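In the text below, chain A, chain B and the rest are named by the order of the sequence lines, each starting its count at 1. Predicted model, so just to flag it, every value in this text is computed and none were measured.
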Amino acid sequence: MSIKVSGVNKKFGDFVALDNVSVNLPTGQLTALLGPSGGGKSTLLRIIAGLETADSGTVTIEGHEATHLPPQKRNVGFVFQHYAAFKHMSVAKNVAFGLEIRKRPKAETAKRVAELLELVHLSQFAHRLPAQLSGGQRQRMALARALAVEPTVLLLDEPFGALDAKVRKELREWLRRLHDEVQVTTVFVTHDQEEALEVADEIVVINEGRVEQVGTPDQLYDEPANDFVMSFLGPVTTLGGRLVRPHDIEVFTTAAVTGAVGGVITRQVRIGFEVRLAVQLDEPGAPEVSVTVTRATQRHLGLEVGSQVWVAPTHGAPAVPVVTPIRQNLTA
Amino acid sequence: MASNKLRNNLRDPAPVRWGLRIVTIGYVFLLVAWPTALVFKHAFGNGIGAFFKALQQSDVPHALQLTATITIISVLINLVFGVIISILLVRFEFPGKRVLSALIDVPLSVSPVVVGLALVLVYNSRDGWFGPTLDQHGIQVIFATPGMVMATVFVALPLVIRELVPVLQEIGDDQEQAARSLGANALQVFRRVTLPGIKWALVYGVVLSLARSLGEFGAVKIVSGNITGQTQTATLAVEQTYQNFEQNTSYAVAALLALSAMVCLVIVAILRPKESE
């Protein structure tokens, strides 16, 4: 196990940021710490990096006890949400920083910097100042800077959070490819479930200072441990007292199927290929059900507002009992 | 340019704009420019030779030298402590931080005469808190250079700190954390990341405290005892020569002091744009 966190507690005044958190993050993998803002995931990452100290508990990195080591002795690379570029240094100098601190020979440093700039596609910007780069370029520079010291682990704190949607998408695909190339144990924090599902080998879901579930993206999506994980990883709706994903509900125009419940379509929103329906069940007092169908299905069944339909969860669809009330939201 | 002009026109009618300009320029002229110009006029009225001759009068060279010494030592002390206190105030949490922050502004609000008196009470060699002990070890504070340096450091203390604190707050500690995670120790972080970030603010603060130290009068007058040829600084010499009807000398020293401060401000004006780049 590359990073072992056991029994970590952290409080900021009265606020409990981490409550007895224990996780093992495997070597060579890309792990996402996923959860809502203020859930404690960034705090956990900063404790692993040594930028924050735990009130109690231990951190072990590659078998070395690191709980009380200062950040400069942990050999971790850290990438910040807002880049933390050294503003007065050129891109090349930024990347060379860790190597210069380690007093590597000049020629070796120059060679390594050139390689890294090649890796992050910034070779032609080597002599620019960070202020002259775009956000995405700055974050790639920060990544090269963190990788320069050949860290045991690479930690990224909401690395794409400050970027616009398109650049964010490009960069996360690029991060995945980079990770496959460099093979360094990587942990990144995100509140974007799509980002975690797309990029990570393993996801740790953290909420209110606790680990809710650890697993591969498939495990988390298909076998959520509880209603929180289920609802955080994607849209959910309530049908028959259970949480179900709107696209895991089948729509019929006849009552022939056993277990299907009747209702009337009250709203219909089309977004490209998908159509989102709100179905008011006939059973009095039952909550409105969100259903997502493809445009083809909608057309084939002739669905429109006011249509009488019968809905049932598709066979084998993941579902968990409703514990806390989930906000119904057609556009979520 | 054209759009700026349009915006100005929309905001205020011409008479208001011209009225404001005339009031401001007139105010600065009557209060600052004209009186200062008169000092220079009197100092150089009998030619540049007479100006230099006036500066050679009996105890003037010693006073100028003393001012230079005190200024350099004070600025160095304020530079070092200003940086340390600023970093402490911005980067660390500790009990009493707000009190410390408020105390730093005391020299700005309290009259320098009070500062001088307070130093005398603490360090005088008869009944001060530390005075007798220091005196026994052969260190005289009051009526000597150490006391004058302390008074000058005191009055100029906030200038470096008030320049540095906002800049340190604005740049944040992200870069410092990044440097630490890349293996830099505290000293390396300071030298390679913090210091370059606050460089221009530091220069500005130093120049301001230099100008302030050159011109300090009240606090220094009390702690120095104003002994001609021994503890008399340039500002004290200006007062004494003026009262002794040696106007030429008085104007010459005053002009030199004003000129030094102006050179400081010009340097700042040249440096200032670079900071915003």
Side-chain angles (χ1 to χ4, degrees), chain A residues 12-13 42 45-46 48-52 66 69-90 93-104 129-132 138-139 141-158 162, chain B residues 79 82-83 86-88 90-98 160 163-207 268 270-277:
Chain A
F12 294 107
S42 280
L45 195 77
R46 293 173 64 83
I48 295 171
L51 297 173
E52 210 84 71
L69 281 183
Q72 65 264 31
K73 299 233 170 95
R74 295 193 182 199
N75 200 31
V76 296
F78 201 93
V79 174
F80 298 80
Q81 180 176 1
H82 296 286
Y83 329 123
F86 300 137
K87 291 190 177 112
H88 59 285
M89 296 182 200
S90 70
K93 277 278 172 198
N94 262 278
V95 177
F97 187 89
L99 299 169
E100 285 178 359
I101 290 288
R102 283 165 175 72
K103 302 205 165 50
R104 296 279 168 78
L129 285 175
Q132 297 166 302
R138 261 183 249 183
Q139 199 55 297
M141 180 196 82
L143 209 59
R145 182 177 71 178
L147 286 171
V149 299
E150 287 167 17
T152 324
V153 288
L154 182 62
L155 307 173
L156 304 99
D157 189 4
E158 303 251 2
Chain B
L79 169 69
V83 171
S86 304
I87 290 177
L88 199 65
V90 179
R91 295 285 185 262
F92 296 91
E93 287 301 326
F94 53 92
K97 181 168 151 172
R98 289 168 65 104
V160 170
E163 280 301 313
L164 291 187
V165 165
V167 174
L168 276 170
Q169 278 166 344
E170 195 204 313
I171 58 179
D173 62 351
D174 269 17
Q175 295 182 50
E176 289 164 15
Q177 288 185 2
R180 278 199 293 152
S181 78
L182 289 168
N185 61 34
L187 194 69
Q188 287 168 321
V189 170
F190 175 74
R191 210 169 54 79
R192 287 168 177 262
V193 177
T194 315
L195 198 56
I198 60 173
K199 190 169 56 182
W200 292 114
L202 193 60
V203 170
Y204 191 61
V206 161
V207 170
V268 169
I270 296 168
L271 293 178
R272 207 56 167 173
K274 281 184 185 163
E275 188 192 354
S276 60
E277 258 172 33

(request) Heavy-atom distances under 4.5 Å only: say whether B:Asn185 touches chain A with side chain, backbone, both or neither. (result) both
(request) Using non-hydrogen atoms and a 4.5 Å limit, figure out which bit of B:Gln188 sits close to chain A: side chain, backbone, both or neither. (result) side chain
(message) Under the rule for side-chain hydrogen bond (donor to acceptor under 3.5 Å, both in side chains), what residues qualify as partners of A:Glu52, not counting sequence neighbours?
(response) A:Arg46
(message) Under a 3.5 Å cutoff, is there a donor and acceptor pairing between the side chains of B:Thr194 and B:Glu176?
(response) yes
(request) With a 4.5 angstrom heavy-atom cut-off, could you sort out which part of A:Arg74 is near chain B: side chain, backbone, both or neither? (result) neither
(message) Given heavy-atom pairs under 4.5 angstrom as the criterion, report whether the side chain, backbone, both or neither of A:Ala85 touches chain B.
(response) backbone
(request) For residues A:Ile101 and B:Arg192, determine if any side-chain heavy atom of one lies less than 4.5 Å from a side-chain heavy atom of the other. (result) yes
(message) Working to the nearest 0.5 angstrom, can you tell me the gap between A:Phe80 CZ and A:Leu155 CG?
(response) 10.0 Å
